[in-house]
Amino acid sequence: MSAPRHPGQQPHPDHSGRPVGRSGETEWIPRVQAGHRPDEPFRFQEEPPEPPKNTALAWALRGAGLVAVAVVSGLIFWYVTDEDPVTPTQAAGSSSARPIPDGRFQFTAYSGMPQPKRDVDCAKNSHGKVKQFFADKPCASLTRALYTSQIDGKTVYTAVSVVRMPTAEDATALMKITDDDNTGNVDEPVYAGLVKIDGLVPNKGLGGGGYQSALLDRDLIVVESDWAPAAKRTEAEVRQLKDISDDALRLAAQISPGA
């Protein structure tokens, strides 16, 4: 039995030399960091600062990445454009141009009219009710071009005319007239006598073949196709010529006078 503990008496050590409290539990003394004075507040050790970032290296890596993207984009562009080296200017502006691709039919600028012809007086270059229409509502410009293609061993002549009106509403009104029968139209190159083709005569031109038209904002596109000599065509032949004219509507983008 241990001796009684009086007030103010220090706890006696146990066999290990550590003081023992009243309940026999070991009292632990907090460990103080080496070099710490009792009167100083306790401080935690701070983490060492991060080394400064190398901004020059980061920007260099970003620049290298942009250069790599540009090189890859350039290679892709070269590959895509190299697939089709024919340009609209080459196709429509030279009598020795190669056929224009990207359609059902291949068109070549007619050797007798290698360049499109542009006018600003549509009334002077039209006939019938269309001529009367232009007298009240003059056009902004008229651009005409002539192409050839092949079908069943025959050479087909295709005239593409682009009439630019002051407004889209005027172009729509003009189309209602040109698409009707016996109302006249703008004079395509053969009709106007701008070119001479054996078997086709002026004041008739390609009117006996296939006809198509389309609106593109304030532009009216008129396409007529036929082969020589001029004659009455069967329904099957007219369908063939209309198919050619329909495909030739895309050529208007190459001869358009611009904005």
Side-chain angles (χ1 to χ4, degrees), residues 87-89 91-93 100 102-105 107-110 113-149 156-195 200 202-226 238-259:
T87 62
T89 302
I100 302 170
D102 300 329
R104 181 179 174 185
F105 299 94
F107 297 93
T108 303
Y110 177 58
M113 189 177 176
Q115 298 285 355
K117 179 176 175 54
R118 292 184 173 86
D119 293 282
V120 293
D121 190 347
C122 287
K124 184 179 178 180
N125 294 282
S126 58
H127 57 279
K129 293 183 179 180
V130 175
K131 186 180 184 71
Q132 298 174 7
F133 176 88
F134 286 130
D136 296 331
K137 294 184 177 181
C139 69
S141 64
L142 169 63
T143 306
R144 293 170 288 182
L146 187 63
Y147 299 89
T148 62
S149 60
V156 178
Y157 302 90
T158 298
V160 180
S161 302
V162 180
V163 183
R164 174 155 292 182
M165 297 299 295
T167 66
E169 290 75 14
D170 291 340
T172 301
L174 175 61
M175 186 178 186
K176 291 179 180 179
I177 300 175
T178 59
D179 285 358
D180 284 344
D181 293 332
N182 302 317
T183 56
N185 213 319
V186 293
D187 298 341
E188 44 86 5
V190 180
Y191 186 101
L194 298 178
V195 297
L200 299 176
N203 297 327
K204 184 174 182 180
L206 307 175
Y211 174 89
Q212 290 290 1
S213 65
L215 281 173
L216 183 61
D217 193 27
R218 60 195 185 104
D219 287 348
L220 171 62
I221 306 167
V222 176
V223 181
E224 296 174 89
S225 299
D226 202 358
V238 171
R239 282 196 299 270
Q240 283 183 320
L241 293 169
K242 283 187 175 181
D243 288 342
I244 293 176
S245 294
D246 184 65
D247 189 36
L249 288 170
R250 61 187 170 88
L251 303 179
Q254 301 180 10
I255 67 171
S256 175

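Note: hydrogens, waters and symmetry copies are ignored here, and every other heavy atom, side chains too, is used.
Taking OH from Tyr110 and CG from Leu194, the interatomic distance works out to 12.0 Å, rounded to the nearest 0.5 Å. The CG atom of Leu215 lies 8.0 Å from the CD1 atom of Ile221; values are rounded to the nearest 0.5 Å. Between the CG atom in Asp226 and the CG atom in Leu200 there is a gap of 6.5 Å [rounded to 0.5 Å].
Scored by the side-chain contact (heavy atoms from CB on, under 4.5 Å) test, Ser141 finds Arg164, Pro257 as partners (sequence neighbours excluded). With sequence neighbours left out, Gln212 forms a side-chain hydrogen bond (donor to acceptor under 3.5 Å, both in side chains) with no residue at all. A search for salt bridge (Lys or Arg N to Asp or Glu O under 4.0 Å) contacts involving Arg239 returns nothing, not counting sequence neighbours. Scanning for side-chain contact (heavy atoms from CB on, under 4.5 Å) contacts around Asn125 gives Asp119, Leu142, Arg144, with sequence neighbours left out. Every side-chain contact (heavy atoms from CB on, under 4.5 Å) that Lys137 has, sequence neighbours left out, goes to Phe133, Met165, Asp170. Checked against side-chain hydrogen bond (donor to acceptor under 3.5 Å, both in side chains), Ser245 has the following partners two or more places apart in sequence or in another chain: Ser225. In this structure Ala248 satisfies the side-chain contact (heavy atoms from CB on, under 4.5 Å) test together with Phe107, Thr158, Val160, Val223, Leu251, sequence neighbours excluded. With sequence neighbours excluded, no residue satisfies salt bridge (Lys or Arg N to Asp or Glu O under 4.0 Å) with Asp246.
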Inset, instruction - With side-chain contact (heavy atoms from CB on, under 4.5 Å) as the test, would you mind laying out the steps for Tyr191 and Asn185 before giving the verdict? - result: CA-CA 10 Å; Tyr191 186 101; Asn185 213 319; over 6 Å; no
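Taking every heavy atom of both residues into account, Val186 and Ser161 meet most closely at CG2-CB, 3.9 Å. Taking all atoms of both residues into account, the shortest heavy-atom contact from Pro166 to Ala140 is CD-N, 4.4 Å. Minimum heavy-atom separation, Ser256 to Asp219: OG-OD2, 3.9 Å. Closest approach of Val238 to Gly209, counting heavy atoms only: CG1-O, 4.3 Å. Listed here is the closest heavy atom pair of Met113 and Ala145: CE-CA, 4.3 Å. Taking all atoms of both residues into account, the shortest heavy-atom contact from Phe134 to Val163 is CZ-CG1, 3.9 Å.
Using a 4.5 Å heavy-atom threshold, the side chains of Tyr211 and Val222 count as touching. The closest side-chain heavy-atom distance from Thr167 to Arg218 is not below 4.5 Å. You'll find the side chain of Lys117 stays beyond 4.5 Å of the side chain of Pro189, heavy atoms only. Between Tyr157 and Val190, the closest side-chain pair of non-hydrogen atoms is not below 4.5 Å.
For Lys131, the NZ atom is densely surrounded, since the number of other residues' heavy atoms within 6.0 Å is greater than 12.
Contacts classified as salt bridge (charged side-chain N to carboxylate O under 4.0 Å, His left out) and involving residues 176-190 (residues at least two apart or in different chains) are not found.
At distances below 3.5 Å, at least one donor-acceptor pair connects side-chain atoms of Thr183 with backbone N or O atoms of Ile177.
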